[in-house]
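First the structure, in the form of structure tokens, and then the observations on it.
The sequence lines fix the lettering, A, B, ..., with proteins before strands; numbering per chain opens at 1.
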Amino acid sequence: FMRVSTRKCPRPGGDMQWCFSQVKGAIDDDVAEADIISTVEFNHTGELLATGDKGGRVVIFQQEIENKNQPQFRSEYNVYSTFQSHEPEFDYLKSLEIEEKINKIRWLPQKNAAQFLLSTNDKTIKLWKISERDKRPEGYNLKEEDGRYKDPNTITGLRVPVLIPMDLMVEASPRRVFANAHTYHINSISVNSDDETYLSADDLRINLWNLEITDRSFNIVDIKPANMEELTEVITAAEFHPLQCNTFVYSSSKGTIRLCDMRASALCDKHSKLFEEPEDPSNRSFFSEIISSISDVKFSHNGRYMMTRDYLSVKIWDLNMENRPVETYQVHEYLRSKLCSLYENDCIFDKFECCWNGDDSVVMTGSYNNFFRMFDRGQRRDMTLEASRENSKPMQVLKPRKVCAGGKRKKDEISVDSLDFNKKILHTAWHPQDNIIAVATTNNLYIFQDKVN
Amino acid sequence: MEVNAEARRILAVSISKLYASRTQRGGLRLHRSLLLSMVMRSARDIYHSSRECEELCGAPPTSEEAMETGPVEQTVQLPEPLTEPRQPAASAVEPPSEEPDSGDEGSDGELAEDKENMSPTRQSRKRRGKAAAAPDFLPSKRARLEPGEERHAALPTSCRAGAGESLAALSLNRVIPAF
């Protein structure tokens, strides 16, 4: 079936003025590796914001709206729940450690009072239930208050326990563990619009799961060659179409995207559509293959477009046109001449994500020096902003930044050589309805909102 | 020549990255290893094609892996054509800092001592002997085979006859099948 997306549209177009709202995480410059944020995701209403980190923990923030009546109300996100999702494991057969780092979090649409999310590390996906408890039973007939059972001989009457209010407690419990289905490292999970299934993708295979069933999954894509020496590309990301439950896409390290229809056959090795842009021969270098590898693919909310992120650019594709993207935005073209250095310091392998705003008019992605970029598709404008502690006074308006690629550096511009490549923004998320964004630096989560929200 | 020097440097950097990735937490990453091997192949092709000009001794064909190298050769800008593989060093393209002969002779000497690796056709779990003829920029420590890895049959190709079969070529063979 097709789900119709009914989305409250934010204020159309206009100048966005981004203000600092909050920053979460330690102020320390000395970053503990476990605190490195590895994924950020709003839930479907935007009320909850989840982060995963390298230490296997999930932290969920909840939006508390201070005063909706005021024209410039501030919505604050405060910690709602924290839990250890994954632990480090050891694969004894291969003598390999399995990292506990959370690669992706995806929320399920809410069906009842509880919230559900999927979180995954390299090998195992878990379904977590996050529920609130604000009442507790008191006055058991057979038990003492501390839980010990009473001596039956002392019980003379009958009383029914009553529920009394208590301080809100948020509990996270693992409801399903989907394990042992991936030989390679999981890079993506995506919940289907049918609310029953989801996919998980590793370097060479994509599996389809039923949310209720953990001991079985269907393999729907397998690109492993018979002889591994013939391997030329791997799967880098995968996502279900937001409205059509039979359609999904997966991107590759060669810069191609394949759209597959699960109605066509059980094994979707043959794509329905192949999206690929021919390479510009003048840009050929030792590193052409690396920089054309797609690090993220995201459908637009309306399901008509998809966006891909490779090392230097963001591309918007119309699902009806396979031979080239409809829009291409350069994120940091000034890095093209620095690819050799970026290869040496490993930055060229960084996997940047990208995201759409609620009405698909603006896209956002991260860069280095704690810069992040926004591209307004309608107004054909782009903006570079910085997430830093220096610009973190409450409601402080962020000043647009500019990188000087060469020649004379103007005042307030930053030269390419001064960029800090250790400060990278890989993960960003946009509130599904409002102009509120969550931007993750190495170990801090910044929340910005549009001044006139 | 600049391209050759850059190719050598990239090759050296790539190999050290490959070694480092073996001890990485979470195990070898297939995607990263694949990208590394692609860069190494490009760099190696440039490096070998420029070293061909210096080849004096008729070394037996090196064992190249079966992977496609054609597209890379066509598109990478080479300063000189690949049409004269056996020209002596007087081709004037090579800078004087290259070590054409001494390196090869030295490696031949090493080969004589390296009994385990002398014959590539010997059925053995050790690496092929050509590793001893490694170019000068490679780390001196030879990599161990992973447990369970087998030596793959060398497929002779007609593309080039470089005497220095580098560790890079072996590493490329090892990177992906190790998974």
Residues that A:Y250 engages under ring pair (Phe, Tyr, Trp, His ring centres under 6.0 Å), provided they are two or more places apart: none
Contacts of type side-chain hydrogen bond (donor to acceptor under 3.5 Å, both in side chains), residue A:E89, not counting sequence neighbours: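 Partners of A:E89 under the side-chain hydrogen bond (donor to acceptor under 3.5 Å, both in side chains) test: none.
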Is [Y] close to [X] at the side-chain level, that is, under 4.5 Å between some pair of heavy atoms?
{"X": "A:Y184", "Y": "B:H31", "result": "no"}
{"X": "B:R25", "Y": "A:E33", "result": "no"}
{"X": "A:S253", "Y": "B:M38", "result": "no"}

Which one, B:G27, B:A43, B:G26, B:S14, leads in non-hydrogen pairs under 4.5 Å with chain A? B:G26
Check whether more than 12 heavy atoms from other residues, nucleotides or ligands sit under 6.0 Å from atom CZ of A:F90, and answer yes or no. yes
Can you tell me if A:N180 has over 12 outside heavy atoms packed within less than 6.0 Å of its CG? no
Under 4.5 Å heavy-atom distance to chain B, tell me which part of [X] shows up: side chain, backbone, both or neither.
{"X": "A:T183", "result": "neither"}
{"X": "A:F349", "result": "side chain"}
{"X": "A:S293", "result": "side chain"}

With respect to chain B, which residue among A:D91, A:D346, A:I348, A:D202 yields the maximal number of heavy-atom pairs within a distance under 4.5 Å?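 It is A:D346.
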Do you know which of A:N121, A:L96, A:D203 has the most heavy-atom pairs under 4.5 Å to chain B? A:D203
Specify the closest pair of heavy atoms between [X] and [Y], including all atoms of both residues, with the distance to one decimal.
{"X": "A:D122", "Y": "B:R29", "result": "OD2-NH2, 2.7 Å"}
{"X": "B:I10", "Y": "A:F286", "result": "CD1-CD1, 3.2 Å"}
{"X": "A:L231", "Y": "B:L34", "result": "O-CD1, 3.6 Å"}

Please round to the nearest 0.5 Å and tell me the distance separating atom [atom1] of [X] and atom [atom2] of [Y].
{"X": "B:L28", "Y": "A:H185", "atom1": "CG", "atom2": "NE2", "answer": "8.5 Å"}
{"X": "B:Q24", "Y": "A:E99", "atom1": "CD", "atom2": "CD", "answer": "7.5 Å"}
{"X": "A:R284", "Y": "B:S42", "atom1": "CZ", "atom2": "OG", "answer": "6.0 Å"}

